[in-house]
Amino acid sequence: MEIKIIAFGQIADIIGNSIMSINEIKDTEELRKKLSNAFPQLNEISYGIAINKKNINKNTEINMGDIVALLPPFSGG
Amino acid sequence: MEIKIIAFGQIADIIGNSIMSINEIKDTEELRKKLSNAFPQLNEISYGIAINKKNINKNTEINMGDIVALLPPFSGG
Amino acid sequence: MESKKIKKIFVEGAISPEFVGDSIAKHSTKKSIGAHSIFLGQVRNDRINEREVIAINYSAYTEMAEEKMHEIREATFNKYELTCMHIYHSIGTVNVGEISLFVFTSSKHRKAAIEGCNELVERIKKEVPIWGKEIFEDESFQWKTNANKSIEL
Amino acid sequence: MESKKIKKIFVEGAISPEFVGDSIAKHSTKKSIGAHSIFLGQVRNDRINEREVIAINYSAYTEMAEEKMHEIREATFNKYELTCMHIYHSIGTVNVGEISLFVFTSSKHRKAAIEGCNELVERIKKEVPIWGKEIFEDESFQWKTNANKSIEL
């Protein structure tokens, strides 16, 4: 399974590009862990996750074709 | 003694002109009574009085040279 | 701080949208400003007893209004951390769809501008000696009253 | 009611004062409007660790932002009796002194426009996926955080 990850703001700076693909991630908890291992700087940022443009508030299954967005705190306005 | 009365809004419509002079009025209570007798339509309007541009909240002496303004409810904006 | 001099607030006839745009543009040099709050009063085509309002004719006790407005400006500058404050009110005839009141506050953070602007609008309507005469299509008129103002808020 | 279609909110670069003036002018034909409330966010020259901000570069998760904004618009139209609602946010670089956010509500009576506008500003800042990168005079940068936002309000 391949999922599409898009990152924004300072997370895009850390991850290096704003679109990446990751294989075999079952849910958002696992995704957070994998990202945290690959990019230790992420541990200093509290970020939200949206799946298919909807905010996720608890651990959520990730399915094939989902678009997963990593969202650092918003600062528009 | 002569005092200068200026009227605004619907009061100016009733009194007929916007500046008038009245002789021998000791205070604002007496002024209200005299105006009410002369212009019974005023009884239907709740109006405020300002002396020398300051709002008057209780019966107040009127002195020579004072400018007394009759102020119907404000409706600016 | 522009709070010390008595400023003119009355303009003859309607306040134009271009004037509002120009006022905003003048603030681009004030680089500590982070937020602007603007209130505009527009003349409404109310129907009263089958007659439609086509304009409001505003009159004021100008000297008292300017003193009162100065007092309100000072109090608002003291209460909120505002960078700028601009207030304009029409005198004379303003047609339906045109603007008769323009209140404009600016501040570093948005809270001061927003709350300051709201308070100014409330105080102007309640405390400044200005009267509006609603003109109907048949040229009859009636003086606006504050009666339904309290319902509005 | 303009609430049914998804509207574009993003504009490239700063929002010009003339654009704000033109938006106001378009409402002169809507004769049931009595009040307009406008909020403008302007980029501030904050000093952070001795460096001065000269611009903010805004980016967004555009598709999600537009959906979220649509949801906020609908909720605000349902909650307040608004005649019109217009919202614009900059994307890309906005220099200090320029405008990056324009929220504009109109209603018959002032309460709805004022409260609707305030709620929109709060919700946009909190809920819409937009990020600002503060650019300093030496070309270094830092991502804006919401940390001092809560202090602001």
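Below, read A as the first sequence line, B as the second, and so on, with proteins coming before strands; counting in each chain starts at 1.
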Whatever's closer than 4.5 Å to a heavy atom in chain C on D:Ile33 counts as both

Please tell me if the side chains of C:Ile24 and D:Ile38 come closer than 4.5 Å, counting only heavy atoms from C-beta onward.
no

Can you confirm whether C:Glu81 is buried at CD, in the sense that more than 12 heavy atoms of other residues, nucleotides or ligands lie under 6.0 Å from that atom?
no

For C:Asn49, does the CG atom sit with more than 12 other heavy atoms under 6.0 Å from it, leaving out its own atoms?
no

Please look at D:Thr29 and chain C and tell me whether the side chain, the backbone, both or neither of the residue comes under 4.5 angstrom of a heavy atom of that chain.
neither

Measure C:Val96 against the heavy atoms of chain D and call it side chain, backbone, both or neither at under 4.5 Å.
both

Decide whether C:His27 and D:Gln42 meet the rule of one side-chain donor and one side-chain acceptor closer than 3.5 Å.
no

I'd like to know which of D:Glu98, D:His36, D:Lys26 tops the heavy-atom pair count under 4.5 Å against chain C.
D:His36

To the nearest 0.5 Å, what is the distance between OG on C:Ser37 and CG on D:Asn118?
7.0 Å

Side chain to side chain, D:Ile114 and C:Ile114, heavy atoms closer than 4.5 Å:
no

Please classify the contact of D:Val20 with chain C as side chain, backbone, both or neither, using a heavy-atom distance under 4.5 Å.
side chain

Determine whether more than 12 heavy atoms belonging to other residues, nucleotides or ligands lie under 6.0 Å from atom CD of C:Glu137.
yes

At a 4.5 Å cut-off on heavy atoms, which part of C:Val121 comes close to chain D: side chain, backbone, both, or neither?
side chain

Flag, side chain of D:Arg44 to backbone of C:Lys31, donor-acceptor distance under 3.5 Å:
no

Interface check, chain C: of D:Gly21, D:Gly34, D:Gly97, most non-hydrogen pairs under 4.5 Å belong to D:Gly34

Ranking D:Ser32, D:Gly41, D:Cys117 by heavy-atom pairs under 4.5 Å to chain C gives rank one to D:Ser32

Which bit of D:Ile99 is near chain C, if near means a heavy-atom gap under 4.5 Å: side chain, backbone, both or neither?
side chain

For the candidates C:Ser23, C:Ala25, C:Ser16, which exhibits the highest count of non-hydrogen atom pairs separated by less than 4.5 Å from chain D?
C:Ala25

Minimum side-chain heavy-atom gap D:Lys108-C:Asp46 below 4.5 Å
yes

